[in-house]
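First up is the structure itself, then whatever we jot down about it.
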Amino acid sequence: MSMSDIIDEVLENIRNSAIFKNREYLLPDYIPDQLPFRERQIKEIVSVMAQLYKGERPGNIFIYGLTGTGKTAVTKFVLSNLQKRIPDKFSFIYINTRQSDTPYRVIADILEWLGDKVPFTGLSLAELYRRLLKSLMLVKNNVVVVLDEIDALVKKYNDDILYRLTRINSELNKSKVSLIGITNDIQFIDILDPRVKSSLGEIEIVFPPYNAEELTEILKMRANLAFRENVLDDSIISLCSALAARDHGDARRALDLLRVSGEIAERKGKAKITQDDVQEARGEIEKDRVHEVISTLPFHSKLVLASILSSNDRLTTGEVYNIYSSLARKMGIEVVTQRRVSDIINELDMIGILNAKVINRGRYGKTKEISLAVEKPLVIKILKESDSKIASIWS
DNA sequence: CATCCACAGGAAGGACGGGGGT
DNA sequence: ACCCCCGTCCTTCCTGTGGATG
């Protein structure tokens, strides 16, 4: 089969889809031209950014809101629309600090965006800041830097990068930099250095979670764009919204759920999405997530996880460490310290594979109560196929 | 009511592999 | 060629702690 045949075939499949008219409208990175229930936030951001029109530096903005409350979509929406209207007044860069998760990467991203080629690693941070300043000197317009999910970056490192970025303007004369910081941790601002706090928190905007009715409305709009007629009725949309509303009103999850439900119905060759498809989609999304996080774990984290699987009860840190140690001994592998295992347990908790709760048992000490947060057979299956040494535990 | 358990979790730093600048 | 930097995973040493028990 030739290349163009393959392309034709894929296109043909899409044209023939009984379910989707245009699947892209349900993908997470699609920015709609309507953002319902966010008028107030849009207005606030625009009124701050309007300073750009006069060629002045807008105040730094700090945006809070849980995941899937439209923070990123609204910010991108406002900036790109503004860009269309006053293209010669400013430029902006969006950086997700979950992807670019070190100060080095963030600065490197800005430099690359400015057209400066920087090595993946090797330079000192000080050198990067020097280059950044040099490059910014040559920029004529104001620059808006959006830092999405900065709480993660600042917690992992410190707020030095924010401090430097907020201070950089004093070294620049032509163009000025303004920051938009996005976070889903409300308490985040408290851990900032007071100087950064006062500078970054010039304007604060809050994004409350969507409730079930609002989610329903949002899903309806997107469903109309994405699906063919009569593919789904309102009960499907309500179900997706209800499931997502239970999860702190996360619109992204709701959209994912709807899209995957559609994909499942399509794979089955059905013409309509049913409630069962939605339930199946839930399971599939969760499985993908678990697979993704477990298979990329370092070896000892996998081994710690495997240790926890060996019991159906809740375990303490000490018990986990004992099981882990004996597994490692059997396999002839050096153990890491209990201190490290304690951190590994926290990491596994963070990514939602375990539940680890600190408890006080009085006389019997302070420890963590650890249990599996996901389906055990699934974890075993993933561990087996991702590491042959660990697979030998169950053989 | 003080004690003391079984850890929690912070701080500092090191080994190592991937990558520089000059 | 030489020395330097970075991120990741890990160690060592440490101080802190809620509440059942004696």
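- Here Lys268(A) pairs with Asp277(A) in a salt bridge; the nearest charged N to carboxylate O distance falls below 4.0 Å.
- A close approach under 4.0 Å does not occur between any side-chain nitrogen or oxygen of Lys368(A) and OP1 or OP2 of dA6(B).
- The stretch residues 346-359 of chain A comes close to DNA chain B through Asn346(A), Val358(A), each having a heavy atom under 4.0 Å from the strand.
- With values rounded to the nearest 0.5 angstrom, Glu292(A) atom CD is found 10.0 Å from Ile351(A) atom CD1.
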Checklist outcome for this item: Nucleotide by nucleotide, nucleotides 13-22 of chain B touches protein heavy atoms under 4.0 Å in the pattern (B base, S sugar-phosphate only, - none) -----BBSS-
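- Residues of residues 313-325 of chain A having a heavy atom closer than 4.0 Å to DNA chain B, listed by number: Thr316(A), Thr317(A), Gly318(A).
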Checklist entry - Reading nucleotides 12-22 of chain C from the 5' end, what letters show protein touch, with B for base, S for backbone sugar-phosphate only, - for no heavy atom under 4.0 Å? => result BB--BBBBBS-
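- With sequence neighbours left out, the ring pair (Phe, Tyr, Trp, His ring centres under 6.0 Å) criterion links Phe37(A) to no other residue.
- Closest to the side chain of Pro298(A), out of dC9(C), dC6(C), dC10(C), is dC9(C).
- Under a hydrophobic clustering in which Ile, Leu, Val, Met, Phe, Trp and Tyr are joined whenever their side-chain heavy atoms come within less than 4.5 Å, directly or via other members, Leu111(A) and Trp113(A) fall into the same cluster.
- With hydrogens and angles disregarded, no donor-acceptor distance shorter than 3.5 Å links the side chain of Asp288(A) to the backbone of Ile285(A).
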Next on the checklist: Applying salt bridge (charged side-chain N to carboxylate O under 4.0 Å, His left out) to Glu202(A) and Arg57(A), what does each step give before you reach the verdict?
Outcome noted: CA-CA 12 Å; Glu202(A) 283 171 347; Arg57(A) 187 191 81 92; 3.5 Å; yes
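- Judged by distance alone, the side chain of Ser295(A) and the main-chain N or O of Ser386(A) form no donor-acceptor pair under 3.5 Å.
- Under the rule for a ring pair (Phe, Tyr, Trp, His ring centres under 6.0 Å), Phe90(A) has no partner lying at least two apart in sequence or in another chain.
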